[in-house]
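For reference, the structure is listed below as structure tokens.
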Number of protein chains: 2
Amino acid sequence: MPSHTTNRKRRVTQADVARRAGVSTAVVSAILNPNSATGVRVSPETAERVREVVRELGYTPNPIAQSLARGKRNILGVFTYEPVFPSERGNFFYPMLRGIEMQVSGAGYDLLLFTSVQTEGQPRKIFAGGSNRLGVADGAILLGQEPDPSEMERLADEGFPFVTVGRRHSSRVELNWAAAGYADATAEIVLLGHEKGHRRIAFVGSATIREQQLDREEGFRSAMQGLGLDEGPEWCWHLDPDKLDAAWLQSLLANGVTLVLAETLEHAERIEKLLGSRGMSVPDDLSMAVLGTPLEDTRRITRWTRFEVPREEMGREAVRLLLAQLDGRVTGAAQTTLPCSFIPGETLRRVAPAH
Amino acid sequence: MPSHTTNRKRRVTQADVARRAGVSTAVVSAILNPNSATGVRVSPETAERVREVVRELGYTPNPIAQSLARGKRNILGVFTYEPVFPSERGNFFYPMLRGIEMQVSGAGYDLLLFTSVQTEGQPRKIFAGGSNRLGVADGAILLGQEPDPSEMERLADEGFPFVTVGRRHSSRVELNWAAAGYADATAEIVLLGHEKGHRRIAFVGSATIREQQLDREEGFRSAMQGLGLDEGPEWCWHLDPDKLDAAWLQSLLANGVTLVLAETLEHAERIEKLLGSRGMSVPDDLSMAVLGTPLEDTRRITRWTRFEVPREEMGREAVRLLLAQLDGRVTGAAQTTLPCSFIPGETLRRVAPAH
DNA sequence: CTGAAAGCGCTTACAG
DNA sequence: CTGAAAGCGCTTACAG
């Protein structure tokens, strides 16, 4: 017999109600779950008597026991490797969480935030101590930049339903995601640049390459190729902002580049600063666009030509995909790419075509 | 037999592992929970064999079943009557949630956000459809402005452990809370005003009176009384900002008031506008202080003399109180008042004492 | 229309 | 050191 750590008075159980009302627990259960399609039918008098006892005893069903018996928990997990509420202000996750809450609300699910598996400063792990705590949920949504591929694969192997916000790739398993259309959005900017007379266009992204950046690069490359423009190594850089220096800028300009697509605002601002120390400015001497929108620095970003990532909609869509899976409506991999919206800004200007 | 809606392959259970390893489930359980102080002792060989099977089968314990058997869920509920992630930017709950997450992290609990009980635009209810969904959690933290006293009382009657962020009062039951010291903070401003020569000080709060405002008023009254100053009805108003008009201001000034304590920034700005249309300004013609700090409008608030509510710390403290209760470390009501921090601003200036 | 019983997947006293 | 069994509190086929 478990000791059942009950520092508070023992909870009233269904059995207590049944005993007191002189019926079986089956009857109580049927009355409390009218639409459960069980064969049990109860006379109105019995039903009323049972309800009376329920009120009298203040009985509320134990959701945990219900979950176990039903094999269904009505809980959606939200897992992040980093804290869900990181900084004082500005929260990368916020719009996604907002979307998730909006979409899940009314669907009859609660949201479980996995905060327990934290190991002091370390990123969280899904399989901490061998047990998959995500299992309390019917399925989960994975957020964040640092998805451990092996954990996702193991999760998939277990048959646990989950969807990531942001595209994720595994060579071994099919992953489900709701992602931003970085490729199309980037291509769109290339085309716009071309229209405005730019022929030598460069791409500058971070040194660490993730799916996100692959998508942007892919958009850049395919658009450039489609236009018959050069997009070789001299046009496509993988450098963190602090690695960008005067020499690099020099080689860029020597190449005749007139438009730079910067992966992040940090890249863009760094380049602008380098230009400044040469007495040059954006967009007079160089046009630029930022391939995304930071959540913070909302003020500094406004003048930049860029696109906006539909973070909230990605959260909503992730919930839709997950619920579709849980309902069994979907069997294969569910992957949605959502369009980003272009924002003109003032940093991409018309130039006279080079030739 | 329940149909156990399993659209995915049946989960591996402890029994599967036990059968395959040729032991009882008790042994498997004991090996997987080494520090469970059960009498069961297993030989190293058996343990290794079982672990091997666990790995082979990819077994992970079902947390729901563990919860039921242990009578402990390791889940802390977070309940808000309004959406947790309300607006695009600026979230009243954010600092509290941040504090909650910080404090709960490492304590081995996950955070459950109750989003399921939403009824289309209506504020959420704890007891929706007679069943208390909070019951999936070991205890809960209640956030938000609109606490339904009857729900809190019923929750308390059930013996369900919960703590509110913000002081809450019930005449029937003892409530647990982590609150801001509005009274002291308000009194402090009165004293400061007195020091600076103000003798006729008025308080202007909203029409709807909640615990928060009672605390501020109480601080105002007791400080005024302590100084031997008048704090009767002509000095203490309950009006929403849009009800403040020229006539009201006229009577205020006619009374010789030199310092106004405004409950919210909206009150303060409204009064300033009214002053403006008389060609008067803050603080030259009237000193003012705001009794709190809005989360949004961070820019507009900076010049105002005010105090800051320790929202994050309130979240942390609420978790501490709740965990203490769950551990059985605390039995009576747990109530903490946390100090607000004064911020000088520029709207409270020195004056020559009236007489 | 109603009841007795099995089962959800674990944990834990209790016998051996 | 190990196993058989009861129990956590529900739901749901299956008999009456």
Side-chain angles (χ1 to χ4, degrees), chain A residues 1-6 10-19 21-47 49-50 54 57 59-74 130-133 135-136 138, chain B residues 1-6 10-19 21-50 54 57 59-74 131-133 135-136 138:
Chain A
M1 259 158 290
S3 78
H4 195 205
T5 45
T6 172
R10 199 179 73 80
R11 272 186 73 134
V12 179
T13 73
Q14 197 183 65
D16 297 329
V17 175
R19 204 172 308 122
V23 297
S24 72
T25 61
V27 173
V28 178
S29 176
I31 291 169
L32 264 38
N33 304 286
N35 35 13
S36 78
T38 164
V40 182
R41 205 126 308 172
V42 192
S43 71
E45 298 78 42
T46 314
R49 182 156 39 94
V50 169
V54 165
L57 263 42
Y59 167 72
T60 28
N62 178 336
I64 294 281
Q66 289 182 312
S67 291
L68 184 58
R70 289 178 183 153
K72 168 97 186 178
R73 301 129 164 76
N74 287 306
S131 79
N132 168 12
R133 178 104 179 117
V136 258
D138 295 299
Chain B
M1 259 157 291
S3 77
H4 196 204
T5 46
T6 171
R10 197 178 73 80
R11 271 186 74 131
V12 179
T13 74
Q14 198 183 64
D16 298 328
V17 174
R19 202 173 307 121
V23 298
S24 73
T25 60
V27 173
V28 179
S29 176
I31 291 169
L32 264 39
N33 303 285
N35 34 12
S36 79
T38 164
V40 183
R41 206 127 307 172
V42 192
S43 70
E45 297 79 41
T46 315
E48 195 34 62
R49 181 155 41 93
V50 169
V54 165
L57 263 44
Y59 167 73
T60 30
N62 178 336
I64 294 283
Q66 289 182 312
S67 290
L68 184 59
R70 289 179 182 152
K72 168 96 186 182
R73 303 130 163 76
N74 287 306
S131 79
N132 168 13
R133 178 105 178 114
V136 258
D138 294 299

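In what follows, every chain begins at residue 1, and chains take the letters A, B, ... in the order their sequences are listed.
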Take atom CD1 of A/I31 and atom P of C/dT2, then tell me their distance rounded to the nearest Å. 9 Å

My understanding is that only one of A/V27, A/T25, A/N33 makes a side-chain contact (heavy atoms from CB on, under 4.5 Å) with A/S29; could you say which? A/N33

Starting the side chain at C-beta, find the nucleotide from D/dG3, C/dC8, D/dT11 nearest to B/S24. D/dG3

Assess the residue pair B/N62 and B/T13 against the criterion (side chain to side chain contact (heavy atoms under 4.5 Å, CB included)); give the C-alpha distance rounded to whole Å, side-chain angles, the decisive distance to 0.1 Å, and a yes or no. CA-CA 8 Å; B/N62 178 336; B/T13 74; over 6 Å; no

Using the criterion of both pairing distances under 3.5 Å for Watson-Crick and G-U wobble pairs, give all stems of 3 or more consecutive pairs involving DNA chain D. C:1-3 with D:14-16, C:5-12 with D:5-12, C:14-16 with D:1-3

Looking only at side-chain N and O atoms, does B/N62 come under 4.0 Å of OP1 or OP2 in C/dC8? no

What integer distance in Å separates B/N74:CG from C/dT11:C1'? 14 Å

Side chains of B/V17 and B/V50: does their closest heavy-atom pair fall under 4.5 Å? yes

Separation of atom CG in B/L68 from atom P in C/dC10, rounded to whole Å: 12 Å

In whole Å, I'd like the distance from the CG atom of B/N33 to the P atom of C/dG9. 17 Å

5'-most by nearest nucleotide on DNA chain D - B/A65 or B/V23: B/V23

At what distance, to the nearest 0.5 angstrom, does CD of A/Q66 lie from CG of A/N74? 9.5 Å

From CD (A/Q14) to CD1 (A/I31), nearest 0.5 Å: 10.0 Å

To the nearest angstrom, how far is B/R70 atom CZ from C/dA13 atom C1'? 16 Å

To the nearest Å, give me how far apart CG (A/D16) and P (D/dC8) are. 10 Å

B/L57 side, atom CG; B/R19 side, atom CZ - distance, nearest 0.5 Å: 10.0 Å

Under 4.0 angstrom between B/T46 side-chain N/O and D/dT2 OP1 or OP2: yes

Measure from CZ on A/R19 to C1' on C/dG3 and round the result to the nearest Å. 15 Å

Nearest 0.5 Å please: distance from the CG atom of B/D138 over to the CD1 atom of A/I64. 8.0 Å

Can you tell which of D/dG9, D/dG3, D/dA5 lies closest to the side chain of B/T25? D/dA5

Rounding to an integer number of Å, can you tell me how far B/Q14 CD sits from D/dA5 C1'? 14 Å

With a cut-off of less than 4.0 Å, is there a side-chain N or O of A/Q66 near OP1 or OP2 of C/dC8? no

Side chain of A/V27 only, please: which of C/dT11, D/dC10, C/dG3 is the nearest? C/dG3

